[in-house]
Number of protein chains: 2
Amino acid sequence: MIMTFHFSKRVPADGTDAVGAILKAAADPKVISFAGGLPAPELFPVEGMKKATDKVYEEHGREALQYGAAAGVTELRQLILKRVAEKEGVHANLENVMVTTGSEQAIDLVGKAFVNPGDTVLVEDPTYLCALDVFRSYGAKFVGVPMDEDGMRMDALEDALKAHPEAKLVYTVPNFQNPTGRTMPADRRKKFAELAAKYDVPVLEDNPYGDIRFAGQHVPSVKSFDKTGHVFYMSTFSKILAPGFRLGWLVADPEVVKKLTVLKQSADLHTDNLVQYVVAEFFKENDVDAHVKEISALYGKRKQLMVEGLQKYFPKSVKYTNPEGGMFLWVTVPGVDDTVALFKECLKHNVAFVPGDPFFAGKPQPGTFRLNYSNMAEDKIQVGLKQLGAALDEALNK
Amino acid sequence: MIMTFHFSKRVPADGTDAVGAILKAAADPKVISFAGGLPAPELFPVEGMKKATDKVYEEHGREALQYGAAAGVTELRQLILKRVAEKEGVHANLENVMVTTGSEQAIDLVGKAFVNPGDTVLVEDPTYLCALDVFRSYGAKFVGVPMDEDGMRMDALEDALKAHPEAKLVYTVPNFQNPTGRTMPADRRKKFAELAAKYDVPVLEDNPYGDIRFAGQHVPSVKSFDKTGHVFYMSTFSKILAPGFRLGWLVADPEVVKKLTVLKQSADLHTDNLVQYVVAEFFKENDVDAHVKEISALYGKRKQLMVEGLQKYFPKSVKYTNPEGGMFLWVTVPGVDDTVALFKECLKHNVAFVPGDPFFAGKPQPGTFRLNYSNMAEDKIQVGLKQLGAALDEALNK
């Protein structure tokens, strides 16, 4: 007898990995793919990391190789605290901060700790699709909160909180949101923190892209307006140093950090010690802010080329966001019913994107898709946008 | 208003972290603690890892720092396949193997993928307590299967499978089990694989310690007897190289690996790329089997000293296991009702262990505790056992 496996209700059914299928199709070397979400590897500080790693082996060799604390390496947690105070106006202590295995794990632990099967989670519509996958794996039902060009609308959030007093969590990406590239202004963030307190609901503020700003002014975090402990702030070293290291963190109320640390012990005991020491050491010896400026400048240049291509080659009816930072831009093509069919048409023109559908918690908005500019050479952006424009023209005039 | 957090049912209640409290109490520098479970850091191959890491930065710098595949780095997966074929008689292909963030994550993913709330999981009684924590977090009910000196009894397992046809999983540590140090002989393993097929239940075979053998003969894995795909085999580099790296793996049916890989994407996207490349490189340049022999020899010496101390200093009524490998030894003190009270008595004599209670899925066997010998200097083993013997004498004669 060969086994038939009986998976739990948390396991997605076969055929639900639409994004996996899209990325696979887009991986054909002939295709210019704007579907990915990778940082530009040519800016990875390989040499600096090598030096930092050598020093860690010399000074902390045994500690780096031994089991460590579930909350993370103290030196790295102190560095995170210093950084969130300086950059985000978040003033906290060691008991407020834990290291996670990438920011994905912070989302996972919050989902596991707060979402019982059938519980409601409020999200921006559209939102980061992997966050939807995580919350879905814990049995979440979603309520999508409408956005405008300034991100999640606070009047819509208040309506949703009134209509769903049972909501267990609000998830938000306030800076250069994935997938839309939109950023929420300060007054909205202040209101967000007030609504979280008023309706007594925790908010998970996910800020992977905030440091990568190439235009406009920095906006303080939602967490910086939080007076009641309702906001959990999370970020990562993935976009400013090295995603391969899987280093993220969460800053929250000590009770939350304590419970999530217990769950983290069950998830992976702790995060790789070596790279925790390495990143702490790297910060001592390198000007990370200067490095971040270099990344931002490159992504800003690529975004600009993409916007120029959109203006030059796309049908005039097409709308798109014009982000001030981050890695993604969001396109809306009026008159399209089936975005996946549009994707397939474009693939014939050897150009790819991620269709908008899986980013929506509720009913997808047809004709939307995400373009990535961070990991695409300048000449390919120009060629790719031209191909994509021609494909859209053809699709719209069929 | 200051927030009151409403955690999900998966979050343990406060005060349930008995082991955390014990390890904290035992961390007093005055105390000789046999409570831990760490490998001996003096044998960590720090210099070899440094060389391997330098080479990875030189040859794979950008790949190591970039996002990677959820299933893991191909070179490392190939190395794992080679190793499980040579060492464990497990013959598999790339589609059968995934890298996990420590073996803890393999347990977590299997728990998440197979255990719905209320489902039954069969475990050795006693068993690895962190596995109990993981399965409990997904709502498992446990049935403890009795052991003898040769590990889980197969007649008892068959009785349990008949009595619990609803069981979703059997979890086992067949080599030098944590906490007992017991090892299951080959005929029992063969029977185990047959019972899994007969009663159509998946078996998670967890083998963190198998390589660390200092006496007796190697026994083939349960997985090597599996003809139907019911057995999932997992192990780790933590005990032979570096636990701080958090590198484990799972070998199973392709359908299982595929589903667990989807769940892993939600857990942490993928495991740290740098240390995956580093371990693959380390194996190229170093004789890992010779290194494992060195570890085994040291642990064997320490285990021998511990057994001598037990013979010399412990009340004659005390029973203990005499493992042929691994890191732990299991003590049974007849006439003790409250093992935690015994722990507190011993702490007054500045010596500590982990009381047996949390290792039991069902009713704990009083007077049992776990001693660790891998991470204790030889002189301290002798002094500590003398103190522990005196403490037991006093407690028994109160």
Side-chain angles (χ1 to χ4, degrees), chain A residues 1-3 5-12 17 38 41 44 46 49-50 53-54 57 61-62 64-68 101-102 104-105 108 112-116 130 133-134 137 197 200 202 228-230 242-246 253 255-256 259 262-263 265-275, chain B residues 1-3 5 7-12 17 38 41 44 46 49-50 53-54 57 61-62 64-68 101-102 104-105 108 112-116 130 133-134 137 168 197 200 202 228-230 242-246 253 255-256 259 262-263 265-275:
Chain A
M1 190 196 68
I2 295 300
M3 176 134 201
F5 298 101
H6 305 284
F7 294 103
S8 76
K9 284 179 256 179
R10 299 180 201 93
V11 177
D17 187 16
L38 305 186
F44 288 157
V46 175
M49 283 298 172
K50 180 165 177 273
T53 309
D54 280 348
Y57 277 119
R62 287 184 183 175
L65 269 57
Q66 186 57 286
Y67 283 113
T101 306
E104 193 71 20
Q105 188 181 51
D108 184 58
K112 189 169 183 182
F114 286 93
V115 181
N116 281 313
C130 293
D133 286 340
V134 172
S137 81
D200 193 21
T228 53
H230 284 79
F245 285 1
R246 313 307 307 121
D253 186 276
E255 191 188 349
V256 173
K259 294 288 192 186
V262 170
L263 290 186
Q265 284 177 314
S266 286
D268 60 7
L269 292 185
H270 63 84
T271 295
D272 177 12
N273 275 335
L274 179 71
V275 294
Chain B
M1 191 196 65
I2 296 299
M3 177 134 201
F5 298 101
F7 293 103
S8 76
K9 284 179 259 179
R10 300 181 202 92
V11 177
D17 186 16
L38 306 186
F44 288 156
V46 175
M49 284 298 172
K50 181 165 177 271
T53 309
D54 281 349
Y57 277 120
R62 287 185 183 174
L65 268 59
Q66 186 58 288
Y67 283 112
T101 306
E104 193 71 20
Q105 187 180 53
D108 184 59
K112 190 169 183 181
F114 286 91
V115 181
N116 281 313
C130 293
D133 287 341
V134 171
S137 80
K168 286 293 169 62
D200 193 20
T228 52
H230 284 80
F245 284 1
R246 314 306 307 119
D253 186 276
E255 190 189 349
V256 173
K259 294 288 193 185
V262 170
L263 290 185
Q265 283 177 316
S266 286
D268 60 7
L269 293 185
H270 64 85
T271 295
D272 176 13
N273 275 335
L274 179 71
V275 294

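Values below: all heavy atoms of this structure, side chains included; hydrogens, waters and symmetry mates excluded. Lettering follows sequence order; numbering is per chain, from 1.
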Student: Counting heavy-atom pairs closer than 4.5 Å to chain B, which one of A:Gln105, A:His270, A:Glu255 comes out on top?
Tutor: A:His270
Student: For B:Thr101, which atoms come within 4.5 Å of any heavy atom of chain A: side chain, backbone, both, or neither?
Tutor: both
Student: Which bit of A:Ser137 comes within less than 4.5 Å of chain B, counting heavy atoms only: side chain, backbone, both or neither?
Tutor: both
Student: Relative to chain A, which of B:Pro12, B:Ala267, B:Gly68 shows the most heavy atom pairs under 4.5 Å?
Tutor: B:Ala267
Student: Which answer fits B:Ala113, side chain, backbone, both or neither, if we ask what part of it has an atom under 4.5 Å from a heavy atom of chain A?
Tutor: both
Student: Taking A:Leu269, A:Thr271, A:Leu274 one by one, which has the highest count of heavy-atom pairs under 4.5 Å against chain B?
Tutor: A:Leu269
Student: So, using side chain to side chain contact (heavy atoms under 4.5 Å, CB included) as the criterion, who are the partners of A:Lys259 when residues are at least two apart?
Tutor: B:Phe7, B:Val11, B:Asp14
Student: Kindly say whether A:Val115 contributes a backbone atom to a donor-acceptor pair with the side chain of B:Arg10 at under 3.5 angstrom?
Tutor: yes
Student: Quick one: which of A:Pro41, A:Pro202, A:Ala64 has the most heavy-atom pairs under 4.5 Å with chain B, could you say?
Tutor: A:Pro41
Student: Tell me, do A:Glu104 and B:Gln265 make a side-chain contact under 4.5 Å, heavy atoms counted?
Tutor: no
Student: Examine whether an atom of B:Leu263 lies under 4.5 Å from a heavy atom of chain A, and if so say whether it belongs to the side chain, the backbone or both; otherwise answer neither.
Tutor: side chain
Student: Do B:Asn273 side-chain atoms and B:Gln66 backbone N/O form a donor-acceptor pair below 3.5 Å?
Tutor: yes
Student: Between B:Asp108 and A:Asp268 (side chain of the first, backbone of the second, donor and acceptor by atom type, cut-off under 3.5 Å), is there such a pair?
Tutor: no
Student: Listed by chain and number, what are the side chain to side chain contact (heavy atoms under 4.5 Å, CB included) partners of A:Ser266, not counting sequence neighbours?
Tutor: B:Asp133, B:Val134
